[in-house]
There are 2 protein chains.
Amino acid sequence: MTAEPRLSWTEVRDTIRARILARHYAPGDKLPRDEDLARNLGCARATVHRAMQDLAAAGLVERRRRGGTHVPNDPVTRATFDIPVTRREVEARGSLYGYRLISRAIAESPPAVMARFGLQDPSPMLHVRALHLADRRPYILEDRWIDLATTPEILEVDLAQHSANEWLVHHKPYSRVDVRFHAVNAEGEIARHLDTPRGSALLVLERTTWIGSAPITTVQSVAAPGYEVAAQS
Amino acid sequence: MTAEPRLSWTEVRDTIRARILARHYAPGDKLPRDEDLARNLGCARATVHRAMQDLAAAGLVERRRRGGTHVPNDPVTRATFDIPVTRREVEARGSLYGYRLISRAIAESPPAVMARFGLQDPSPMLHVRALHLADRRPYILEDRWIDLATTPEILEVDLAQHSANEWLVHHKPYSRVDVRFHAVNAEGEIARHLDTPRGSALLVLERTTWIGSAPITTVQSVAAPGYEVAAQS
DNA sequence: CAGATTAATATGTACGTACATAATAAGTCA
DNA sequence: TGACTTATTATGTACGTACATATTAATCTG
C-alpha cells in the first residue's frame, strides 16, 4: 500500500475557506488552534500556518499571536487593482497607443498638490500635462507634478517624446504609493483635451508616490467617458 | 561573544527591495538564485523564499520555477482596497449612519445584470434599491440584484429594517468577487435620491459575487458627489 | 475589587532536510 | 536546422525542531 499523499497547503486553505463559506465558522467566531487543525486534517502545523497566511492576506481570517484565529466580525471586500503604464493598458486592449505632450512648466507646488504629498511648504516641481490616446482618440488626460528635489533628472527627459508615466516607472522606483479614485465633471481644458461634452462624468485615478518620506510625483489621470477599472480576478 | 542574531525575512525583503529601488536590479533584470542570495546575506534559503513571497505579492518581483526571479519589465502599481459594509464606513468617519429602503421587487434579470453575472438566460431576482445616509444626508445609493436561486432566504428579510448589504455580508459568503469603478452623471432618480444637481459626476462602485459559479448578488453603489475611495496604505 | 505582575498560550519564525515540479538548456534525430 | 526528447536547474513545498513573542488569562497585592 502506497503512502498517502501529503495534504497541500492549498488544500488546507480551500477546506478552511469552505468551512467559512458554509458558516461553519461564522463572522466573529474563533477557529481551532493551528495545532488542532493540523491534527484534524492530518498535516503539519506549518502547512496550516501557510494556508492561514493566504487566508489572512485575502481578509478571510484575522490572526493574533496568543489570541488565535478569527473570522472577522466586520468583513470587508478586498480588491486588488494592478495599474499598468498607460501604453501597456492601451496595447493590451489591442489598440494603437499614442502620446502627446500638452504642457510642461516649472512651478511651485500649489496647495492641492502639497496636500496630496502631505507637505507644509511649497517646493519647485515640474508640472506636466499630457494626453494618452487609444486608436488616435483621447483616452487618458494626465495632470502630473514631479518634485524636482528628488527627481531633478526629469528635466533632461524629452517629454515630447516620452511620457513621464513610463520614464518614472522605469527610472524612479518608489517605496510608498497612495492610490485613490473619484469622479469629476468634464470642464474647460479637460473637456477640450478629452474631446467630450462639458459636464460628462469622468473617472479620475489619483496616484502619489514617495521614496522614503520624500515626494516623487503625484498624478491625476482623467479617463475618457465610459472608462472602467476592474480589480484583478 | 554572543551568537549573531539571525537575519529576519523582513530584513531580507527590505534589503532586496532597496536594491530594486536603487536600480541595482532594474526592470527586466534577473535576480540571483535564492541559494546565492541566502549565502550572500547569511541566512537560510527558506528565509529568502519567504521574503520573495512577500515581494512577489507586492508585484515587485516575478517568480518562476527553474526560470528564476525577475524584476518585471512592465511594472504595475498594485493597490489593494478594503471595501467595508457601508454602515461601518460611515461610522468609521464619525458620522451617524442611516438607512432607507427605496424599493423592492421580484423581476427577471435585465440584460445588463445578466452581462455582469455572465448569464445567458434571465433568472428571477430580487431588485432592491436603498439609500445609505451619513449624518442624515444621502451618502450611497445602492442598486442591487439578488439571485433568488442561490439566495431565496433574502425574501424573508425585512429590508426596510436591515440593509441587504449587511445581511449578505453576514449570511452569504462568496467564493468569487468582481469589483469595478466607473463614473456616471447624476440623472433622474439617482439625482433625486442623492439630492444632487442633475449632471453631477458620481463615482460608482460595482461589485458582483458568486458562490462557485452561481450568482449571488450584483450591486452598483453610487456615491454622493465628492466621494473618494482610497487604497489601503 | 481594581490595578499590577506573572504565567501560559497560540501564533510567528529560522532553519535544514528531503522531495516535487515547472521551466529552461542541452542533446538527439531526421 | 528544426522538432522532439531528455537532463538539469531553480523555485516550491511538507515537515519537524527549536525558539521568539504578542497576547490573554491567572494570580497577587494593597
Side-chain angles (χ1 to χ4, degrees), chain A residues 1-17 19-20 24-74, chain B residues 1-17 19-20 24-74:
Chain A
M1 190 191 303
T2 62
E4 194 168 329
R6 292 156 143 176
L7 204 62
S8 69
W9 73 264
T10 54
E11 289 168 316
V12 172
R13 176 197 61 191
D14 293 346
T15 297
I16 296 167
R17 193 150 161 282
R19 289 180 182 178
I20 294 173
H24 189 220
Y25 306 130
D29 277 4
K30 185 181 179 189
L31 273 64
R33 305 177 309 148
D34 286 4
E35 193 175 340
D36 293 331
L37 279 167
R39 195 177 303 116
N40 173 263
L41 296 169
C43 65
R45 180 170 76 90
T47 308
V48 173
H49 180 74
R50 180 65 187 87
M52 289 297 192
Q53 193 194 313
D54 200 72
L55 292 168
L60 284 168
V61 298
E62 273 166 5
R63 305 271 279 171
R64 253 180 162 82
R65 293 191 201 196
R66 175 68 176 92
T69 308
H70 292 80
V71 179
N73 218 350
D74 286 313
Chain B
M1 189 187 309
T2 61
E4 196 169 327
R6 293 156 143 175
L7 205 61
S8 68
W9 73 264
T10 55
E11 289 168 319
V12 172
R13 176 197 61 191
D14 293 347
T15 297
I16 296 166
R17 194 150 160 283
R19 290 179 183 178
I20 294 173
H24 190 221
Y25 307 130
D29 277 4
K30 185 180 177 188
L31 272 64
R33 305 177 308 148
D34 287 4
E35 193 174 338
D36 293 330
L37 280 168
R39 194 177 304 114
N40 173 263
L41 296 170
C43 64
R45 181 169 75 89
T47 309
V48 173
H49 180 72
R50 181 62 188 87
M52 290 296 193
Q53 194 194 312
D54 199 73
L55 292 168
L60 284 169
V61 299
E62 273 166 3
R63 306 271 278 171
R64 252 180 162 83
R65 293 191 200 195
R66 175 70 176 92
T69 308
H70 293 78
V71 179
N73 217 349
D74 287 313

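Values in this document were obtained by computation on a predicted structure and should not be read as measured data. Every chain is numbered from 1 and lettered A, B, ... according to where its sequence line falls, protein lines coming before strand lines. The analysis underlying the following values was restricted to heavy atoms, covering all of them including side chains, and did not include hydrogens, waters or symmetry mates.
Screening B:Val12, B:Leu7, B:Leu41, B:Leu37 for a side-chain contact (heavy atoms from CB on, under 4.5 Å) involving B:Thr47 leaves a single residue, B:Val12.
Phosphate contact (OP1/OP2 of C:dT11, side-chain N/O of A:Thr69, threshold under 4.0 Å): present. An OP1 or OP2 oxygen of D:dT8 is reached within less than 4.0 angstrom by no side-chain nitrogen or oxygen of B:Arg66. Regarding contacts with the backbone of D:dT13, every side-chain N or O of A:Arg6 stays at 4.0 angstrom or more from both OP1 and OP2. Regarding contacts with the backbone of C:dT13, every side-chain N or O of B:Ser8 stays at 4.0 angstrom or more from both OP1 and OP2. Listed pair B:His49 / D:dG12 meets the phosphate criterion, a side-chain N or O lying under 4.0 Å from OP1 or OP2.
Regarding A:Gln53, its CD atom lies at a distance of 10 Å from the C1' atom of C:dG12, rounded to whole Å. B:Leu37 places its CG atom 13 Å from the P atom of D:dG12, with the value rounded to the nearest Å. Atom CZ of A:Arg33 and atom P of D:dT23 are 19 Å apart (whole Å). The distance from atom CZ of B:Arg63 to atom C1' of D:dA10 is 9 Å, rounded to the nearest whole Å. In this structure, A:Leu31 places its CG atom 9 Å from P of C:dT11, rounding to the nearest Å. Atom CD in A:Glu35 sits roughly 19 Å away from atom P in D:dA14 (whole-Å rounding). The CZ atom of A:Arg13 sits 11 Å away from the P atom of D:dA14 (whole-angstrom rounding). Nucleotide D:dG12 holds its P atom 13 Å from the CG atom of B:Asp54, rounded to whole Å.
Here the nucleotide nearest the side chain of B:Ala46, chosen from D:dT11, C:dG16, C:dA10, is C:dG16. Side-chain proximity of B:Arg65 to C:dT9, D:dA10, C:dT21: nearest is C:dT21. Which of C:dT11, C:dT24, C:dA14 sits closest to the side chain of B:Arg64 comes down to C:dT24.
Both B:Lys30 and A:Leu7 lie near DNA chain D, and the one whose nearest nucleotide falls closer to the 5' end is B:Lys30.
The base of D:dG12 is paired with the side chain of B:Arg45 by a donor and an acceptor separated by under 3.5 Å.
Taking all atoms of both residues into account, the shortest heavy-atom contact from B:Tyr25 to B:Pro32 is OH-CD, 3.6 Å.
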### Query
Stepwise, does the side chain to side chain contact (heavy atoms under 4.5 Å, CB included) test hold for B:Arg19 with B:Leu31?
CA-CA 10 Å; B:Arg19 290 179 183 178; B:Leu31 272 64; over 6 Å; no
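A 4.5 Å side-chain heavy-atom check between B:Thr10 and B:Asp54 finds every atom pair outside the cut-off.
Between A:Arg63 and A:Asp34 a salt bridge is recorded (basic side-chain N to carboxylate O distance below 4.0 Å).
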